[in-house]
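Down below is the structure, laid out as structure tokens.
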Amino acid sequence: MSVEYSDHLKLRGSVALVSFGNTIEFFKTNTRDSTKVAINYEGMEELLLRFTGDRNLREICDSHKDIERETLKNFCGFLNSKNILINSDASYLPTVEKRFGRLIGLIEDYLPRKSLVIEALANLSTSKVMIVGMGAVGTWVAEGLARAGVKNFQLVDDDIVEPSNLHRQNFSNYQVAKKKASVTKERLLTLGAENVEIFDTKIDYDFFSENPPGADLIINCADFPNVDITTDIVARYCMANGIPHIVGGGYNLHLTLVGQTIIPGLTACAKCFEIHMQAQNQDDIFGVKKLNRRNRKIGSFGPLTSLSASITTIDSIKVLIGAYEDLTNNNTRIEFRLNEMDFQREPIPKNLQCPWCGKDGIFSRNL
Ligand SMILES: [Zn+2]
């Protein structure tokens, strides 16, 4: 990536400088990325601190005539490509900076110029996100996205808040017996959301044809009649229409399953996951007699639900700002095991024979 002499470059606030000998380490505190560069110039640390975005590169070159201009320009281009120096080609509105300063500090780590950060923030505020299921995962995802600046939501749920929900869902005592979607709408409006549409229903295979959502991202957090069916409904619609979607998160006993992020055409799809898991379960249960017990009551640690939701929300933000290369929940099954206090990641690559997204898949022509 090249920079121009007229560019105003700024050393990102999140970058720490550590020098030892003739090496400088640039440590990005947000992403924990480190870049080490060997430099034979004694005043380099002092020079780097002059990149505050207030003066352009030409002015900085003029004040350091002991370095060859072109060398410094190339070095700055390198640091810009590593997201260490950001191009201050635009200014944040003070009101935006006041509210989203910490989010800006994070997004800057992913983008080379401020104008792109402003575009990313605009994408968050103009995107529409549909969340299916206002339960233990959906209510926390909605909360996290509204806090991140998402203003347009579509909430799908026809349930009411029950006392047993309060242990793990984002509701309060006084909201018991009210509709979950309406209560969540009220909550989102207090956090900055502006347009919250409610679909007072459960999804079935007719839902999307009757209610075309026009959403930029659809997140499935519904488990009625079961998560496999709701995932199938959401994923089929999204694959046919090229819509990014997140499916399959949940919790069970001490396990938390993080939902998979799917970008049609780029990542493994829900069917790739299903095929992989079927083959694995086949191996696991071979020769084991299945014990049936009706009406099992499965316990859950409430906070595990918001753990799954938080990780889903992080990938949702990345989807909405277009940071596809930085997604973490795609092509992977991620389980958090509380007893071991450990995330287990199992790679599930795109299946070339997949009947949905594979070479002859039914949705491949759309992708
Ligand atoms: Zn697939």
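When a ligand or atom number is given, it counts from 1 through the structure's own listing order. Predicted model only: the values in this text are computed from it and were never measured.
For Tyr237 and Phe207, the ring centers are positioned 6.0 Å apart or more.
Sorted by chain and number, the protein atoms of type N, O or S within less than 2.8 Å of the Zn ion (ligand 1) are Cys269 SG, Cys272 SG, Cys354 SG, Cys357 SG.
Screening Asp315, Asn330, Thr328 for a side-chain hydrogen bond (donor to acceptor under 3.5 Å, both in side chains) involving Thr261 leaves a single residue, Asp315.
Both cation-pi conditions hold for Lys73 and Tyr5: the charged atom is under 6.0 angstrom from the six-membered ring centre and inside a 45 degree cone around its axis.
Ion pairing of Arg337 with Asp342 is absent here, as no side-chain N (NZ or NE/NH1/NH2) approaches a carboxylate O to less than 4.0 Å.
Within the model, atoms CD of Gln154 and CD1 of Ile218 stand 7.5 Å from one another, a figure rounded to the nearest 0.5 Å.
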As a quick check of understanding, evaluate side chain to side chain donor-acceptor pair (under 3.5 Å) for Thr126 and Asn152, giving each step before the final call. CA-CA 7 Å; Thr126 57; Asn152 307 297; over 6 Å; no
